[in-house]
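Counting starts at 1 for both ligands and their atoms, following the listed order. Since we're looking at a predicted model, the values are computed, not measured.
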Amino acid sequence: MLWCQIREYQNADYSAVRMIYSTGFREHVGTVYLLALKQTWIQAMLCGFCLLTYILSGSILTCMLCVGGVLLATRMAVQYIFVQGIQLGLREDLLDIRNSYMQPGSRSCFWVAELKGSIVGTVGILPCVEEPGAWELKRISVKKEFRGRGIAKALCETALEFVARHNVKRVVLFTSMVQTDAHKLYDSIGFEKEEEFVWPSLPARLINFMVFKYVHRNGNVMSC
Ligand SMILES: CC(C)(COP(=O)(O)OP(=O)(O)OC[C@H]1O[C@@H](n2cnc3c(N)ncnc32)[C@H](O)[C@@H]1OP(=O)(O)O)[C@@H](O)C(=O)NCCC(=O)NCCS
């Protein structure tokens with residue numbers, strides 16, 4: 001038996017849900033920064049910049065300080081892009097969670113995992129805008145200190161049972177190349193990677209940031 005309760009979203013969960021989403025999203029900043037530093041063009045620019053500052057200043061210390069500054073600026077740029085991404089989510093479906101997911105009779109729902117009165121995990125499901133006929137699993141996140149105990153799996157399976165009751169055959173979700181823990185979760189509950197593409201924005205193209213589309217063909221839903 002699961003040691004925490006999976007239940008439908010209530011208005012009182014609003015701040016906790018938004019906080020869990022923001023924190024879970026933000027924790028990938030470091031990985032994306034490393035991805036940026038692995039790009040050949042960024043490494044070439046850093047070397048060029050290093051050489052140029054050395055030629056101009058004649059000082060290795062100045063050269064190191066300038067390169068340090070560039071690295072810091074790159075990190076701040078990645079962080080800024082993440083904050084924009086988080087704000088976007090908070091302004092979309094998570095701005096009015098009840099309206100987005102919990103309308104009576106609507107084909108969408110949002111669940112939380114509750115432990116001793118605290119919200120420790122979230123997931124939502126709703127018809128997919130990009131692919132009519134399919135539903136999309138969204139906002140899967142579990143507080144760091146409660147991970148590895150099957151909470152995300154239980155949340156996702158609750159969502160998959162819900163769509164099975166609505167006779168939905170295809171559930172999709174979008175994740176990124178850096179969310180590797182999530183990929184293991186999706187593999188373990190029967191999702192398969194169907195597509196991968198570079199996220200269509202300039203910063204994403206510059207660092208070759210890939211997004212994966214996973215699909216679950218409903219019908220073999222496991223019990224929680
Ligand atoms: C992805 C995330 C939701 C997983 O939550 P969780 O509660 O730790 O996952 P679970 O304990 O339910 O694990 C489910 C399955 O995934 C596997 N898994 C999850 N995290 C793993 C890890 N770090 N290493 C190895 N396997 C892992 C588990 O082994 C388990 O498979 P099993 O039942 O076959 O053993 C959590 O890491 C998270 O919130 N990440 C930040 C937010 C995020 O990236 N969300 C995804 C948005 S697309």
Side-chain angles (χ1 to χ4, degrees), residues 1-7 9 13 16-35 78-79 81-90 92-94 97 100-101 110-116 118-126 128-131 134-163 171-199 204 209-216 220-224:
M1 206 178 93
L2 196 65
W3 51 285
C4 70
Q5 187 199 359
I6 307 292
R7 62 160 174 80
Y9 169 83
D13 307 327
V17 167
R18 287 165 61 90
M19 190 274 291
I20 290 175
Y21 158 74
S22 310
T23 317
F25 198 111
R26 195 176 292 119
E27 69 188 56
H28 300 294
V29 172
T31 319
V32 173
Y33 175 59
L34 290 180
L35 176 72
V78 170
Q79 200 147 333
I81 293 164
F82 260 76
V83 170
Q84 299 306 305
I86 292 168
Q87 292 302 327
L88 193 66
L90 293 175
E92 290 179 337
D93 54 314
L94 295 182
I97 303 170
S100 307
Y101 290 94
F110 201 96
W111 296 266
V112 296
E114 182 181 342
L115 176 68
K116 293 182 185 158
S118 296
I119 306 306
V120 296
T122 63
V123 74
I125 197 153
L126 73 187
C128 180
V129 177
E130 283 81 12
E131 190 188 319
W135 284 16
E136 184 179 351
L137 208 62
K138 285 172 86 82
R139 311 308 180 203
I140 302 154
S141 200
V142 170
K143 273 189 177 173
K144 215 167 194 167
E145 56 272 38
F146 297 99
R147 291 191 189 155
R149 305 180 198 183
I151 295 178
K153 198 170 186 172
L155 282 161
C156 291
E157 287 172 354
T158 302
L160 290 175
E161 286 181 348
F162 175 85
V163 291
V171 180
V172 299
L173 64 84
F174 296 89
T175 183
S176 76
M177 63 193 293
V178 298
Q179 285 161 309
T180 48
D181 292 350
H183 305 162
K184 288 168 194 143
L185 163 70
Y186 303 144
D187 288 343
S188 82
I189 53 173
F191 275 86
E192 287 165 15
K193 196 195 322 175
E194 188 179 70
E195 215 183 299
E196 52 180 72
F197 54 93
V198 176
W199 185 250
F209 185 77
M210 305 291 292
V211 169
F212 302 155
K213 180 179 181 182
Y214 277 72
V215 61
H216 188 284
N220 53 338
V221 179
M222 298 160 279
S223 63
C224 305

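- Judged by distance alone, with hydrogens and angles left aside, the side-chain atoms of Thr122 form a donor-acceptor pair with the main-chain N or O of Arg139 at under 3.5 Å.
- Looking at His28 against ligand 1, only its side chain comes within 4.0 Å, counting heavy atoms.
- In terms of protein heavy atoms, atom 45 (N) of ligand 1 is closest to Ile140 O, 2.8 Å.
- Near Lys153, meaning under 4.0 Å from any of its heavy atoms, are these atoms of ligand 1: 12 (O), 32 (P), 33 (O), 34 (O).
- Side-chain atoms of Gln179 and Ser176 include a donor-acceptor pair closer than 3.5 Å.
- Atom 34 (O) of ligand 1 has as its closest protein heavy atom Ser188 CB, 3.6 Å.
- For atom 11 (O) of ligand 1, the closest non-hydrogen atom of the protein is Gly150 N, 2.8 Å.
- An N or O contact shorter than 3.5 Å is missing between Gly24 and ligand 1 by distance.
- Under 4.0 Å is where a charged nitrogen must lie from a carboxylate oxygen, and between Asp13 and Arg7 at least one such pair does.
- At the top of the distance list for atom 48 (S) of ligand 1, counting protein heavy atoms only, stands Tyr186 OH, 3.1 Å.
- When every heavy atom of Ile119 is checked against every heavy atom of Ile20, the shortest pair comes out as O-CD1, 3.3 Å.
- Of all atoms in ligand 1, listed by their number and element, those nearer than 4.0 Å to a heavy atom of Thr175 are 48 (S).
- Residues Phe191 and Thr175 have side chains not in contact (no heavy-atom distance under 4.5 Å, counting atoms from C-beta outward).
- Between the side chain of Arg26 and the backbone N or O of Val83 there is no donor-acceptor pair closer than 3.5 Å.
- Under the 6.0 Å cut-off for aromatic ring centres, Phe82 and Phe25 qualify, their centroids lying closer than that.
- For Phe146, no nitrogen or oxygen atom sits less than 3.5 Å from a nitrogen or oxygen atom of ligand 1, counting backbone and side chain alike.
- Using cut-offs of 30° and 60° for the angle between ring planes, the Trp135 and Phe162 rings count as tilted.
- Of the listed residues (Glu131, Glu136, Glu130, Glu192), just one forms a side-chain hydrogen bond (donor to acceptor under 3.5 Å, both in side chains) with Lys213, and that residue is Glu131.
- For atom 17 (C) of ligand 1, the nearest protein heavy atom (residue, atom name, distance) is Lys184 CB, 3.9 Å.
- Counting the atoms of ligand 1 from 1 in the order shown, those under 4.0 Å from a heavy atom of Ala182 are 1 (C), 46 (C).
- Proximity of atom 29 (O) of ligand 1 to the protein is not indicated, since no non-hydrogen protein atom lies closer than 4.0 angstrom.
- Looking at Ala113, Gly148, Ala152 and measuring to atom 5 (O) of ligand 1, the nearest heavy atom belongs to Ala152.
- By the definition of a contact as any protein heavy atom under 4.0 Å away, atom 32 (P) of ligand 1 is in contact.
- By the 4.0 Å heavy-atom criterion, Tyr21 is excluded from the residues contacting ligand 1.
- Scanning the protein for heavy atoms near atom 13 (O) of ligand 1, the closest one is Leu185 CD1, 4.5 Å.
- Of the listed residues (Lys138, Arg147, Gln179), the one carrying the non-hydrogen atom nearest atom 40 (N) of ligand 1 is Arg147.
- Remark: Lys193 qualifies as a cation-pi partner of Phe212 under the 6.0 Å distance and 45° angle criteria applied to the six-membered ring.
- Heavy-atom contacts of Ser141 reach the following atoms of ligand 1: 39 (O), 42 (C) (cutoff under 4.0 Å).
- For ligand 1, the polar-atom distance check against Val142 finds a nitrogen or oxygen pair separated by under 3.5 Å.
- Each of the following atoms of ligand 1 lies closer than 4.0 Å to a heavy atom of Arg149: 11 (O).
- Summary of contacts: the protein heavy atom closest to atom 19 (C) of ligand 1 is Asp181 O, 3.8 Å.
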